[in-house]
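A short write-up of the structure that comes next.
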Amino acid sequence: MPLRTEEAPRLYQQVAQQMEDRIRAGEFKVGHRLPAERALISQFGVSRSVLREALIVLELRGLVDIRMGAGTFVVEPRDESAGERKDCLSFDEVGPFDMLMARRMIEAETARLAALTAAPDDLERIKAALDQIEQDTAPFVMRHVADRAFHIAIARATRNPALVTIVSGLWDRYRRFMITEAGEIARRPENLGPAIADHLAIYTCLVDRDGSGAAAAMQAHLDRVSEFLSSFRKRPPAILDRR
């Protein structure tokens, strides 16, 4: 299927739209894995990085689930008509700094608990995600797949499904912001080294069963992320804001 090129600001957005059309038409069926990367690259005539960014767009639209090491699966589209409770905001309505403040509070304590409860297979999953973060140097959006897997694996290691749900929602809001609003600055290569070092510090504390260290490492990581975003937003980091 040749790529249409009319009126699209970026190539990956064109590919994402065409794939969405095919999903909604039933060509790619719910519950099934999408064709292999090589086949999709051939179909659309684009590079691997363009295809991967298109897949991230589809995941953010709630049409696919990218599973590290397993592939990309079509999921049932979200029902946009199902409204949130009137007294609550959806995660999409929460600003990035408020979201990061919540992540700092929740994920630090999640890491503290995970250091005590993580089983060997949990640590293996966390390490696999860390290895993938180190390998996926480009495009930056794919690092976010492994990054999400790292944080969710820590939450799962607590054996508390409520923490998994909360961490997933907050993390997905963060990734949506980074891709749609802060993508250019997030692509800077100098951001990769500190991110890897942060995650390695968290993992090391988990392996050592150091709950206080894991919590502190998670807080330090999210402090750095907030400072990074403040340079983009030109405002003080929210998690340092004592309003």
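To the nearest 0.5 Å, atom CD of residue Q43 and atom CD of residue Q18 are 10.5 Å apart. K29 NZ to E27 CD: the interatomic distance, rounded to the nearest 0.5 Å, is 9.0 Å. The distance from atom CD1 of I126 to atom NE2 of H151, rounded to the nearest 0.5 Å, is 10.5 Å. Here CD1 of I133 is found 12.5 Å from OH of Y203. Values are rounded to the nearest 0.5 Å. Between the CD1 atom in I166 and the OG1 atom in T110 there is a gap of 8.0 Å [rounded to 0.5 Å]. Atoms CG and CG, on L51 and L40 in that order, are 5.5 Å from each other to the nearest 0.5 Å.
With E59 contributing its side chain and I66 its backbone, the two residues share a donor-acceptor pair below 3.5 Å. The closest donor-acceptor contact from the side chain of S226 to the backbone of L222 lies at 3.5 Å or more, if one exists at all. Although no hydrogens or angles enter the test, the distance criterion places no donor-acceptor pair under 3.5 Å between the side chain of S42 and the main chain of R38. A donor-acceptor pair under 3.5 Å links the side-chain atoms of R209 to the main chain of A118, judged by distance alone.
Residues forming a side chain to side chain contact (heavy atoms under 4.5 Å, CB included) with R33 (at least two apart in sequence, or on another chain): F73. Checked against salt bridge (Lys or Arg N to Asp or Glu O under 4.0 Å), D65 has the following partners two or more places apart in sequence or in another chain: R67. Residues that satisfy the side chain to side chain donor-acceptor pair (under 3.5 Å) test with R159, not counting sequence neighbours, are D122. For A162, the side chain to side chain contact (heavy atoms under 4.5 Å, CB included) partners two or more places apart in sequence, or in a different chain, are N160. Qualifying side chain to side chain contact (heavy atoms under 4.5 Å, CB included) partners for E20, counting only residues two or more places apart in sequence or in other chains: Q17, R24, L58, R61, L63.
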Steps toward side-chain contact (heavy atoms from CB on, under 4.5 Å) verdict (V57, E53) = CA-CA 6 Å; V57 171; E53 294 207 39; 5.8 Å; no
With side-chain contact (heavy atoms from CB on, under 4.5 Å) as the test, would you mind laying out the steps for T204 and D210 before giving the verdict?
-> CA-CA 9 Å; T204 299; D210 179 2; over 6 Å; no
Show the numbers, then the answer: is there a side-chain contact (heavy atoms from CB on, under 4.5 Å) between I202 and M218?
-> CA-CA 6 Å; I202 296 167; M218 183 67 78; 3.8 Å; yes
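Nearest heavy-atom pair across V164 and S168 is O-OG, 2.7 Å. Considering every non-hydrogen atom in both L130 and I196, the closest pair reads CD1-O, 4.3 Å. In this structure, A157 and T117 approach most closely via the heavy-atom pair O-OG1, 2.7 Å. Summarising the geometry of F28 relative to L34, their closest heavy-atom pair is CG-CD2, 3.6 Å, with the distance given to 0.1 Å. Heavy-atom minimum distance, A111 versus I154: CA-CG2, 4.0 Å. Scanning all heavy atoms of the two residues, the minimum distance from A115 to L206 falls at N-CD2, 3.7 Å.
The hydrophobic cluster containing V30 does not contain V75, counting ILVMFWY residues as joined when their side-chain heavy atoms lie under 4.5 angstrom apart, directly or transitively. Taking hydrophobic clusters as Ile, Leu, Val, Met, Phe, Trp and Tyr residues chained together by side-chain heavy-atom distances below 4.5 Å, V207 shares a cluster with L113.
Put simply, the side chain of D208 does not reach to within 4.5 Å of the side chain of C205, judged on heavy atoms. When side chains are defined from C-beta on, M19 counts as touching L55, because their heavy atoms get closer than 4.5 Å. Residues R52 and Y12 fail the side-chain proximity criterion, which asks for heavy atoms closer than 4.5 Å. You'll find the side chain of H221 reaches within 4.5 Å of the side chain of R224, heavy atoms only. Between L163 and P161 the shortest side-chain heavy-atom distance does not fall below 4.5 Å.
Using cut-offs of 30° and 60° on the angle between ring planes, the pair H199 and F150 is perpendicular.
Counting only residues at least two apart or on different chains, no ring pair (Phe, Tyr, Trp, His ring centres under 6.0 Å) pair has a member in residues 48-71.
Between E109 and R112 there is a salt bridge, since a side-chain N of the basic residue sits under 4.0 Å from a carboxylate O of the acidic one.
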